[in-house]
Number of protein chains: 2
Amino acid sequence: MAEAPVISSLQDIVGFHIRLAHGAVNRHFTETFCDLGMTQKQVSVLWLVSDNPGLSQIELGRELQMDRATTMTIVNRMQQRNFLRRERSATDGRKQSLFLTDEGAKALALSKSAVAQHEEWLRSRLNPEEIKKLVEMLAKIHD
Amino acid sequence: MAEAPVISSLQDIVGFHIRLAHGAVNRHFTETFCDLGMTQKQVSVLWLVSDNPGLSQIELGRELQMDRATTMTIVNRMQQRNFLRRERSATDGRKQSLFLTDEGAKALALSKSAVAQHEEWLRSRLNPEEIKKLVEMLAKIHD
DNA sequence: AACAATTGTATGCTCAACTAACCAATTCGC
DNA sequence: GCGAATTGGTTAGTTGAGCATACAATTGTT
């Protein structure tokens with residue numbers, strides 16, 4: 001027996017589609033790269049610290065839109081796995097300066113190639129102009 | 001002293017922007033409508049059941065892209081709060097048929113006006129054509 | 001009738017996000 | 001310069017969501 005198609009005005013809600021897309025992206029990432037043992041968020045943290053050595057936790061959190069407590073738990077985990085190193089900032093004694101360890105740099109390199117594959121999957125669903133436009137619109141939403 | 005701007009090639013990753021946008025939308029939703037005591041996901045469940053009375057959990061999960069276990073926990077919560085009612089399906093004894101209670105219908109009505117306000121905030125950041133295009137692209141990603 | 005697949009359920013784990021409270025270092029206002 | 005306010009980091013506890021696994025009941029297949 002054919003299923004009755006599920007129809008709902010929920011389809012008109014933009015936020016609904018953002019949530020579904022986020023879920024799909026997350027799922028694809030973890031399914032395909034579960035052996036890495038890294039979440040997208042964790043990769044983002046390493047990535048950002050790599051591009052900005054000495055970054056403080058508060059700046060990291062601002063960039064990734066996490067509060068201090070959330071930032072702590074993620075940085076803690078990355079430190080426990082010996083991917084990140086904390087140092088007291090020389091210029092502001094309240095801040096921590098974050099740096100990648102050698103091991104962290106290796107993990108990031110692996111992660112980046114995983115992300116590249118993942119991005120390819122995502123981008124294959126759209127054409128280049130669409131991608132440009134999509135990023136532009138998403139930026140308007142999260143800025 | 002001016003902060004060094006945080007620059008990173010992470011900005012070129014589409015998935016990164018999707019995650020940030022999702023976070024922003026989530027944050028705005030919960031900030032503005034915390035008194036409702038409902039998450040977006042929970043609203044989606046009530047909404048979908050309202051538009052499709054007798055929906056089974058598996059169908060609900062498929063539509064919202066959740067597995068059975070996740071669907072369970074959310075339906076359980078909605079049942080505990082007396083928003084949803086479970087019935088054994090007449091046509092298939094394995095399935096549950098889900099229905100809104102009167103209280104659930106009221107909660108949904110309130111939630112819908114909250115979502116409307118939330119959507120207005122989201123949509124105000126884009127123009128109508130952009131919104132159409134955005135939804136179209138997000139659908140390509142999550143389908 | 002025997003077997004496989006589907007649906008719901010229960011349990012336990014992980015991750016991420018948030019709050020609240022607290023402390024130390026810094027900056028502000030006077 | 002000094003006390004007060006702010007900022008950054010830390011800790012602890014709570015919540016929501018997602019996943020894996022195992023199991024029971026029902027249905028479908030052969």
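Naming convention: chains lettered A, B, ... in sequence-line order (proteins, then strands); numbering from 1 in each chain.
Each end of the helix from dA1(C)-dT30(D) to dC30(C)-dG1(D) yields a helix axis from five base pairs, and these two axes differ in direction by 30° (to the nearest 10 degrees).
Between E130(A) and K132(A), none of the side-chain N atoms (NZ, or NE/NH1/NH2) sits under 4.0 Å from a carboxylate O, so this pair counts as no salt bridge. By the 4.0 Å N-to-carboxylate-O rule, K133(B) lies close enough to E136(B) to be salt-bridged with it. Here E103(A) does not pair with R81(A) in a salt bridge; the nearest charged N to carboxylate O distance is not below 4.0 Å.
One interatomic measurement links the two molecules: NZ of K95(A) to C1' of dA25(C), which rounds to 12 Å at whole-angstrom precision. Atom NE2 in H22(B) sits roughly 19 Å away from atom P in dC15(C) (whole-Å rounding). If you measure from atom NE2 of H28(B) to atom P of dA17(C), you get 18 Å, rounded to the nearest angstrom. Rounded to whole Å, the distance from CG on L60(A) to P on dT10(D) is 12 Å. A straight line from CG of L55(B) to C1' of dG8(C) spans 14 Å, rounded to a whole angstrom. Going from atom CD of Q57(B) over to atom P of dG8(C) covers 5 Å, rounded to whole Å.
Toward the 5′ end of DNA chain C lies the nearest nucleotide of M72(B), the other residue of the pair M72(B) and G37(A) mapping further downstream. Along DNA chain D, the nucleotide nearest to E31(A) and the one nearest to S56(A) differ in position, and the one closer to the 5' end is contacted by S56(A).
Residues Q79(B) and R85(B) have side chains not in contact (no heavy-atom distance under 4.5 Å, counting atoms from C-beta outward). Using a 4.5 Å cut-off on side-chain heavy atoms (C-beta onward), Q57(B) and R68(B) make no contact. D51(A) has its side chain out of reach of L48(A): every pair of non-hydrogen atoms, C-beta onward, lies at least 4.5 Å apart.
Side-chain N or O atoms of E31(A) include none that pairs as donor or acceptor with a backbone N or O of H28(A) at under 3.5 Å. At least one donor-acceptor pair under 3.5 Å links the side chain of T101(A) to the backbone N or O of F83(A). Q65(A) places a side-chain N or O within 3.5 Å of a backbone atom of H142(A) that can act as its donor or acceptor partner. R125(B) contributes a side-chain N or O that, together with a main-chain N or O of K140(A), makes up a donor-acceptor pair within less than 3.5 Å.
Across all strands, R19(A) comes closer than 4.0 Å to no nucleic acid atom at all (heavy-atom distances).
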Tabulate atom names and distances for all N/O pairs under 3.5 angstrom spanning the protein and nucleotides 14-18 of chain D.
residue, atom, partner, partner atom, Å
dA17(D), OP1, T39(B), OG1, 2.6
dA17(D), OP2, R77(B), NH1, 3.1
dG18(D), OP1, K41(B), NZ, 3.2

Output one line per pair: protein atom, nucleotide atom from nucleotides 24-27 of chain D, and distance, for all N/O pairs under 3.5 Å.
residue, atom, partner, partner atom, Å
dT26(D), O3', G93(B), N, 3.3
dT27(D), OP1, G93(B), N, 2.8
dT27(D), O4', R94(B), NE, 3.4

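Nearest heavy-atom pair, L20(B) versus L64(A), reported as atom, atom and distance to 0.1 Å: CD2-O, 3.7 Å.
Counting only heavy atoms from C-beta on, A69(A) has its side chain closest to dC18(C) among dG8(C), dC19(D), dC18(C).
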